[in-house]
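Report on the following structure.
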Amino acid sequence: MDNIRINGIKTYAYHGVFDAERTLGQFFITDVVMHLDLTPASTTDDLNGTVHYGEAYQMIEEIIKGEPVNLIEHLAEKVSNALFDQYDKIVGTEVTITKVNPPIEGNYDNVSITLNRKRED
């Protein structure tokens, strides 16, 4: 299966379980893989044969900047569902959301989750 990747969407938002996360906010990095057949686009050079990744980017950014949620798992699910709703061509998604500075003590680079979803028939 072919795919389109949008990597490193850096967004400042107010998601999290703790009050400080909801008040101060933090950066989130979102990486999205959309699985689809790109044969129509690759053989015809027609935008209608693919997903307009600029539009997809805008939608993803709006979701991340949108209404705060407790869990980044839920945020990733919202992104996957929106992509499926908007684009019939997408048969699967992989959404990774990274908290750059989560409120936990220790030595680590970041914390992230990845959801892999397939379109329901």
Side-chain angles (χ1 to χ4, degrees):
M1 184 57 55
D2 305 317
N3 63 66
I4 296 171
R5 295 175 182 268
I6 304 175
N7 300 311
I9 302 170
K10 188 174 185 179
T11 311
Y12 200 85
Y14 298 87
H15 308 291
V17 174
F18 299 111
D19 290 339
E21 293 177 290
R22 296 285 183 110
T23 302
L24 300 173
Q26 61 189 301
F27 280 105
F28 295 85
I29 308 294
T30 305
D31 300 301
V32 175
V33 181
M34 297 169 274
H35 299 279
L36 67 160
D37 182 4
L38 291 174
T39 303
S42 67
T43 58
T44 67
D45 196 27
D46 185 352
L47 182 60
N48 291 318
T50 188
V51 167
H52 189 304
Y53 51 79
E55 292 174 359
Y57 168 86
Q58 291 296 326
M59 184 176 66
I60 295 162
E61 185 181 59
E62 286 177 21
I63 292 167
I64 304 300
K65 287 182 176 179
E67 187 71 28
V69 299
N70 290 328
L71 303 176
I72 56 177
E73 292 87 343
H74 183 66
L75 194 58
E77 189 75 28
K78 288 175 71 169
V79 169
S80 285
N81 289 337
L83 289 168
F84 287 135
D85 289 346
Q86 184 68 28
Y87 302 104
D88 291 339
K89 291 175 179 63
I90 296 175
V91 298
T93 62
E94 180 178 309
V95 179
T96 300
I97 298 182
T98 302
K99 274 189 173 183
V100 179
N101 295 305
I104 56 176
E105 291 188 33
N107 287 326
Y108 56 90
D109 288 335
N110 56 56
V111 174
S112 66
I113 62 91
T114 300
L115 296 185
N116 294 286
R117 296 292 182 259
K118 292 184 179 168
R119 182 179 293 281
E120 297 292 325
D121 292 329

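Positions are given from 1 along the sequence. These numbers come from the heavy atoms of this one structure, side chains and all, not from hydrogens, waters or symmetry mates.
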Applied to residues 20-34, the side chain to side chain donor-acceptor pair (under 3.5 Å) test, sequence neighbours excluded, yields E21-Q26, E21-K99, R22-N70
Is it true that a side-chain atom of H15 and a backbone atom of I64 form a donor plus acceptor pair closer than 3.5 Å? yes
Interatomic distance, OG@S80 vs NZ@K118, rounded to 0.5 Å, equals 13.0 Å
- [ ] Count the heavy atoms belonging to other residues, nucleotides or ligands that lie under 6.0 Å from CG of D85, then report whether that count exceeds 12.
- [x] yes
Distance col, row I97:CD1 vs K78:NZ, nearest 0.5 angstrom, shows 10.0 Å
Step by step, would you call T50 with I4 a side chain to side chain contact (heavy atoms under 4.5 Å, CB included)? CA-CA 9 Å; T50 188; I4 296 171; 3.4 Å; yes
Applying the 4.5 Å side-chain criterion to the ILVMFWY set and letting contacts propagate, would L75 and I9 be lumped into a single cluster? yes
Quiz prompt | Verify same cluster id: Y14, I72 (apolar side-chain graph, 4.5 Å) | solution = no
Quick note, ring-ring contact (aromatic ring centres under 6.0 Å, His included) partners involving residues 54-94, not counting sequence neighbours, are none
Of all heavy-atom pairs linking S112 and T98, the shortest is CB-OG1, 3.2 Å
Correct closest heavy-atom pair for V51 and M34 would be CG1-SD, 4.0 Å
Please answer: with hydrophobic residues joined when any side-chain heavy atoms are less than 4.5 Å apart, are Y53 and M59 in the same cluster?
-> yes
(Q) With clusters defined by side-chain heavy atoms of hydrophobic residues (ILVMFWY) lying less than 4.5 Å apart, directly or transitively, does F28 cluster with V111? (A) no
Residues at least two apart in sequence or cross-chain that pass side chain to side chain contact (heavy atoms under 4.5 Å, CB included) with T44, listed by chain then number, are D46
K89 meets the side-chain hydrogen bond (donor to acceptor under 3.5 Å, both in side chains) criterion, sequence neighbours left out, with none
Original post:
When you look at CG of D19, are more than 12 heavy atoms from neighbouring residues, nucleotides or ligands closer to it than 6.0 Å?
Top reply: no
- N-O pairing of R117 and E77 below 4.0 Å: yes
With sequence neighbours left out, the residues meeting side chain to side chain contact (heavy atoms under 4.5 Å, CB included) with K10 are F27, I29
request  = Any chance you could lay out the side chain to side chain contact (heavy atoms under 4.5 Å, CB included) test for D2 and L36, step after step, and finish with the verdict?
outcome  = CA-CA 5 Å; D2 305 317; L36 67 160; 5.6 Å; no
Here the pair of heavy atoms bringing M1 nearest to D37 is SD-N, 3.6 Å
What one should report as the nearest heavy-atom pair of E73 and I113 is OE2-CG2, 3.7 Å
From the list L83, V79, T11, N81, side-chain contact (heavy atoms from CB on, under 4.5 Å) with I63 holds only for V79
Those residues at least two apart in sequence (or on a different chain) that pass salt bridge (charged side-chain N to carboxylate O under 4.0 Å, His left out) with E55 are none
Shared ILVMFWY cluster between L71 and L115, side chains joined below 4.5 angstrom? no
